[in-house]
Amino acid sequence: MKVKAITRSDDDYKRDRKSDVHKIQRNYDPVLHPFEREREYTRALNATKLERMFAKPFLAALNGHSDSVYCMAKHAKDLQLVVSGSGDGELRAWRINERNCFWNTAGHRGTVKGVCIMPNTSQFISVGVDKIAKIWTMSESRQPAYTYHGKGAFTGVDHHRSDPLFATSGSVIDLWDVNRSEPINTFEWGADTINAVKFNQTETNIIASCGTDRAIALYDIRTRTPLHKLFLQFHSNALSWNPMEAYNFVVANEDHNCYQFDMRNFSKAVVAYTDHVSAVMDIDFSPTGDQFVTGSYDRTVRIYNTKSPKSKDAYHTKRMQRVFAVKFTMDSKYVLSGSDDTNIRLWKADASERLGVVRE
């Protein structure tokens, strides 16, 4: 007589031989799973959102100023050095890695309107509404190394990439030699006040400016005549050149938008960037040239991809007020914002990036 018995090995029904967790038996007949496609779509959507859900972009707040932070500057080679100026005339130098202020002084009478760090040195230039531009060495004496007197209040400053020249904006654009007490050239084109001036970092003789007459103007420091002028519907507060594409720059406008222009063709904007709901106060490109950060009167910091008109990220905290200054760090990993609540905040450029010690 034959006896047939059903025998099964436990190894065939367990996930691992050392585990007691049994496999889940499934019947893949599509008739039994009418909502399989919808269920898989929901799972994929949730998996995509996880990085955004657990993102923590805010890193630290640099406290020290007692008034609104109106301007900031970064060093082209020292990734940790940042200089800031506030509404009470105070200047501070920060180390981002230590997150503390290592140098400060009362630099100006009134608001500091612009700062820029001189290339290949640890010196920096500051300008204010007191009609004075000063060069500082961050020494223990806390006294300026050089002082330059202008004819009117300054609104901004920027330094040439290699030559000992810097440009200041105010009622006119003045071009200064570091070794001279008077400007070596003056540019003007009908604007009452020029809000910002920037050197092109590739075509280093080109200057762009934006003023209260709603115009964007281009100048060549080798000539005494302006190159081109374009009028917008509202005036612009700041501009920034693309470091990788010498002919492109983006302006921060009062109509809540930012506009990218190609200086070879000024007929229209290449891209209009939206999403802000109030005036855009400052703008800065990342060193890679594919992103830029904006700070606005609507109390938010937004990061844009240059090819997309919509913002990639929007940063805000409950205590953050109107943002007047923003900067991308030179390693493209962090963003700095200076706001009306006297704080400088440090953010991650990629909100969901994991930071920590990398083990071998």
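Worth knowing before you read on, the calculation uses all heavy atoms, side chains too, and leaves out hydrogens, waters and symmetry mates. Since the model is a prediction, treat every value here as computed from it, not as a measurement.
Counting only N and O atoms by type, the side chains of Ser339 and Arg345 include a donor and acceptor under 3.5 Å apart. A donor atom on one side chain and an acceptor atom on the other are not found under 3.5 Å apart for Thr306 and Asn242. With no hydrogens or angles considered, no side-chain donor-acceptor pair links Ser296 and Ser278 at under 3.5 Å.
Classification of the Phe124-Trp136 ring pair by plane angle, with boundaries at 30° and 60°, yields parallel.
Under the 3.5 Å distance criterion, the side-chain polar atoms of Thr105 are left unmatched by any main-chain donor or acceptor of Leu91. In terms of modelled atom types and a separation under 3.5 Å, the side chain of Thr121 and the main chain of Met118 share a donor-acceptor contact. Between the side chain of Arg142 and the backbone N or O of Asn104 there is at least one donor-acceptor pair closer than 3.5 Å. Side-chain N or O atoms of Tyr304 include one that pairs as donor or acceptor with a backbone N or O of Thr274 at under 3.5 Å. Checked by atom type and distance alone, the side chain of His75 never pairs as donor or acceptor with a backbone atom of Ser122 at under 3.5 Å. Between the side chain of Lys327 and the backbone N or O of Asp284 there is no donor-acceptor pair closer than 3.5 Å. Side-chain atoms of His276 do not come within 3.5 Å of backbone N or O of Gly295 as any donor-acceptor pair. Side chain of Arg92 to backbone of Gly64: a donor-acceptor contact under 3.5 angstrom is found. Asp255 contributes no side-chain N or O that, together with a main-chain N or O of Phe234, makes up a donor-acceptor pair within less than 3.5 Å. A donor-acceptor pair under 3.5 Å is absent between the side-chain atoms of Ser86 and the main chain of Asp67, judged by distance alone.
Among Lys333, Lys56, Lys348, the single residue meeting the salt bridge (Lys or Arg N to Asp or Glu O under 4.0 Å) criterion with Glu353 is Lys333. A side-chain contact (heavy atoms from CB on, under 4.5 Å) with Ile344 is found for one member of Asn63, Val69, Ile96 and no other, namely Val69.
Within 6.0 Å of atom CD in Glu188, 12 or fewer heavy atoms from other residues, nucleotides or ligands are found, so the atom counts as exposed in its surroundings. Within 6.0 Å of CD in Glu40 there are more than 12 heavy atoms belonging to other residues, nucleotides or ligands. In Met244, the CE atom is not crowded: 12 or fewer heavy atoms of neighbouring residues, nucleotides or ligands sit closer than 6.0 Å. Annotation: Tyr146, atom OH; neighbour count of heavy atoms from other residues, nucleotides and ligands within 6.0 Å does not exceed 12.
Checked against a 6.0 Å centroid threshold, the rings of Tyr148 and Phe154 do not count as neighbours.
Hydrophobic clustering of Ile, Leu, Val, Met, Phe, Trp and Tyr side chains at less than 4.5 Å, counting indirect connections, unites Trp241 with Tyr247. A single hydrophobic cluster is seen to contain both Leu62 and Leu355, as judged by linkage of ILVMFWY side chains at heavy-atom distances under 4.5 Å, directly or through other members. Val326 and Phe58 fall within the same hydrophobic cluster, defined by Ile, Leu, Val, Met, Phe, Trp and Tyr side-chain heavy atoms under 4.5 Å apart, directly or through other members. One hydrophobic cluster, built from ILVMFWY side chains closer than 4.5 Å, holds both Leu227 and Leu239. No continuous path of hydrophobic side-chain contacts links Tyr334 to Ile303 [ILVMFWY only; heavy atoms under 4.5 Å].
With rounding to the nearest 0.5 Å, the separation of CZ in Arg302 from NZ in Lys310 is 9.0 Å. Atom CG of Asp350 sits about 7.5 Å away from atom CG of Asp313, to the nearest 0.5 Å. Separation of atoms CG (Asn185) and CH2 (Trp176) is listed at 12.0 Å; rounding is to 0.5 Å. For the atom pair CZ (Arg95) and CG (Leu81), the distance works out to 5.5 Å, reported to the nearest 0.5 Å. For the atom pair OG (Ser286) and CG (Asp331), the distance works out to 10.5 Å, reported to the nearest 0.5 Å. Considering CG of Asp340 and OG of Ser68, their distance stands at 3.5 Å, rounded to 0.5 Å.
The heavy-atom pair separating Cys258 from Ile283 by the smallest distance is SG-CD1, 4.4 Å. The heavy-atom pair separating Pro183 from Asp174 by the smallest distance is CB-CB, 4.0 Å. The two residues Ile207 and Val197 come nearest to each other via the heavy atoms CG2-CG2, 3.2 Å. His228 and Phe266 make their closest contact through CD2-CD2, 2.8 Å (heavy atoms, listed as atom of the first residue, atom of the second, distance). Of all heavy-atom pairs between Ser337 and Val301, the closest is CB-CG2, 3.7 Å. Residues Ser84 and His65 share a closest heavy-atom pair of OG-NE2, 2.7 Å.
The pair Asp130-Arg109 fails the salt-bridge criterion, with no side-chain N (NZ, NE, NH1 or NH2) lying under 4.0 Å from an Asp/Glu carboxylate O. Salt-bridge formation is not detected for the pair Asp275/Lys312: no Lys NZ or Arg NE/NH1/NH2 atom is positioned less than 4.0 Å from an Asp or Glu carboxylate oxygen.
Counting heavy atoms from C-beta on, the side chains of His159 and Pro119 come closer than 4.5 Å. Between Ile117 and Val83, some side-chain heavy-atom pair lies under the 4.5 Å cut-off.
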Item to check | Worked check of side chain to side chain contact (heavy atoms under 4.5 Å, CB included) between Tyr259 and Ile216 | outcome: CA-CA 11 Å; Tyr259 299 97; Ile216 302 167; over 6 Å; no
Next on the checklist: Could you go through His316 and Arg299, starting from their C-alpha distance and side-chain angles, then the distance that decides it, and tell me whether this counts as side chain to side chain contact (heavy atoms under 4.5 Å, CB included)?
Outcome noted: CA-CA 7 Å; His316 172 72; Arg299 308 177 184 181; 4.0 Å; yes
Item to check | Worked verdict on Asp341 versus Lys318 for salt bridge (charged side-chain N to carboxylate O under 4.0 Å, His left out) | outcome: CA-CA 11 Å; Asp341 58 334; Lys318 292 182 179 179; over 6 Å; no
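Pairs passing the side-chain hydrogen bond (donor to acceptor under 3.5 Å, both in side chains) check and including a residue from residues 189-201, sequence neighbours excluded, do not occur. For residues 30-39, the set of pairs meeting the side-chain hydrogen bond (donor to acceptor under 3.5 Å, both in side chains) definition, not counting sequence neighbours, is empty.
With sequence neighbours left out, the ring-ring contact (aromatic ring centres under 6.0 Å, His included) criterion links Tyr70 to Phe324.
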